[in-house]
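Note that these values count all heavy atoms, side chains included, but never hydrogens, waters or copies made by symmetry. In each ligand, atom 1 is the first atom listed, and ligand 1 is the first ligand listed.
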Amino acid sequence: MKKLLSVVVSCYNEEAAIPYFYDEIVKTAKEMKEVNFEFIFVNDGSKDKTLEILKSLANKDKRVKFVSFSRNFGKEAAMMAGLEYSKGDYVTLMDADLQDPPALLPEMYNYIVNEGYDCVGTRRVTRKGEPPIRSFFARMFYKIINKISKVEMVDGARDYRLMTRQMVDAILSLKEYNRYSKGLFSFVGFNTKWLEYENVERVAGETKWSFWKLLIYAIEGITAFSTVPLMISVVIGLLFCLISFIMIVVIIVKTLVFGDPTSGWPSLACIIFLVSGVQLFSIGVLGQYLAKTYLETKKRPVYIIKETEKDLD
Ligand code: UDP
Ligand code: MG
């Protein structure tokens, strides 16, 4: 029996890119005669013609399936829906904009089938076509998160990867609401082979990531995979206690020796500012974790499906 390979593609306003993507993936599928393919497109609440395009593809190609959300739930949700919907013995996650070249797929497949890897991930070694300031913050993020989290996150790793069914099931067994895939992939373990390639710019349409979205995504990654920020206030608090203890001694001795009762209020004002700043910051950090806990306890679904290709007649 031929094995089945599921290609999961998350699409948000990708009407311009999907036709190119479909051509490419069909070409790759033709080359890989040893497996059957299914193409699962997840329409993440697009506001353009993405859904219409997917419907017409599904009508003419039986390998094309789609899952369409009731609104935009974000890429994490789209990837999870695709993984849950997939039936393949192997599953790959791809972007619709051809930044994840389907041409790498035969090589990835080879590593899994012939060399015994459970997963082949891709990482880009260049960040060509990206604003330098963004690259700088991205590098910083990976440095920080790898210091404060037990789970290893690879710099430049993309979501583009091919996995065995066993690994996909492991990922789906993680039921958390705040999903941070880069962390989940490495949390489940398994043998991962990394392929490196040069960054490719998107074929059509626009990126959905603004600087702020990326920053918030980074904070999410940190709070989802590390509790070290909670330690910050403990450490700073201890440090401040120590400093103030020394200061008390110094001031008492100074007053006893020189008798200087009124001076010193500017320094006092500074200290109050500093300490209350640190307190607010610590409460903020605490609040981040509380907010996550709050969302987890609600047990809301990660996504809601409105229709799939099974609803076509
Ligand atoms: N995407 C999605 N939901 C969103 C935002 C993006 O499914 O809310 C998809 C998008 O259609 C694309 C992939 O995620 O296939 C990556 O998005 P994009 O190319 O905008 O990100 P970049 O490659 O610039 O990081
Ligand atoms: Mg892209």
Record the part of Glu14 in heavy-atom contact with ligand 1 below 4.0 Å; permitted values are side chain, backbone, both and neither.
side chain
Restricting to N, O or S, what is the name of the atom of Asp97 that lies nearest the Mg ion (ligand 2)?
OD2
What is the nearest protein non-hydrogen atom to atom 18 (P) of ligand 1, stated with its residue, atom name and distance?
Arg202 NH2, 3.4 Å
For Asp97, the atoms of ligand 1 under 4.0 Å from one of its heavy atoms are 19 (O), 23 (O)
Is the gap between the ring centers of Phe185 and Phe190 under 6.0 Å?
no
Lys150, NZ: over 12 other non-hydrogen atoms inside 6.0 angstrom
no
Top protein contact for atom 24 (O) of ligand 1, by heavy-atom distance:
Thr207 OG1, 2.6 Å
Which of the numbered atoms in ligand 1 are under 4.0 angstrom from any heavy atom belonging to Cys11?
7 (O), 11 (O)
Quick one: do Tyr22 and Phe41 satisfy ring pair (Phe, Tyr, Trp, His ring centres under 6.0 Å)? Show the steps, please.
CA-CA 10 Å; Tyr22 177 73; Phe41 291 88; 7.2 Å; no
Closest approach of any protein heavy atom to atom 25 (O) of ligand 1, naming residue and atom
Trp209 CD1, 3.5 Å
I would like to know whether Thr122 and Trp194 meet side-chain contact (heavy atoms from CB on, under 4.5 Å); could you show each step before the answer?
CA-CA 5 Å; Thr122 57; Trp194 290 100; 5.8 Å; no
Leu4 side chain near Val35 side chain, heavy-atom distance below 4.5 Å
no
Give the residue, atom name and distance (to 0.1 Å) of the protein heavy atom nearest atom 1 (N) of ligand 1.
Tyr12 CB, 3.8 Å
Atom 20 (O) of ligand 1: which protein heavy atom is closest, and how many Å away?
Lys208 N, 2.8 Å
Enumerate, atom names and distances included, each donor-acceptor pair closer than 3.5 Å involving a side-chain atom of residues 220-230, sequence neighbours excluded.
{"from": "Thr223", "atom 1": "OG1", "to": "Ile219", "atom 2": "O", "distance (Å)": "3.0"}
{"from": "Thr223", "atom 1": "OG1", "to": "Glu220", "atom 2": "O", "distance (Å)": "3.1"}
{"from": "Ser226", "atom 1": "OG", "to": "Ile148", "atom 2": "O", "distance (Å)": "2.7"}
{"from": "Ser226", "atom 1": "OG", "to": "Val228", "atom 2": "N", "distance (Å)": "3.0"}

Do the side chains of Lys193 and Glu115 get close enough for a salt bridge, i.e. N-O under 4.0 angstrom?
no
Please confirm whether Arg134 makes a cation-pi placement over Phe136, using NZ or CZ under 6.0 Å from the six-membered ring centre and within 45° of the ring normal.
no
Lys75 and salt bridge (charged side-chain N to carboxylate O under 4.0 Å, His left out): which partner among Asp95, Asp97, Asp44?
Asp95
Would Ala78 count as being in polar contact with ligand 1, using the rule that some N or O on each side must be under 3.5 angstrom apart?
no
Can you list the atoms of ligand 1 that are under 4.0 Å from a heavy atom of Asp44?
2 (C), 3 (N), 4 (C), 7 (O), 8 (O)
For ligand 1, the portion of Val9 having any non-hydrogen atom under 4.0 Å away:
neither
Would you tell me which option among Ser10, Ala17, Ser46 has the nearest heavy-atom contact to atom 7 (O) of ligand 1?
Ser10
In the protein, which heavy atom is nearest to atom 23 (O) of ligand 1, and how far is it?
Gln99 OE1, 2.5 Å
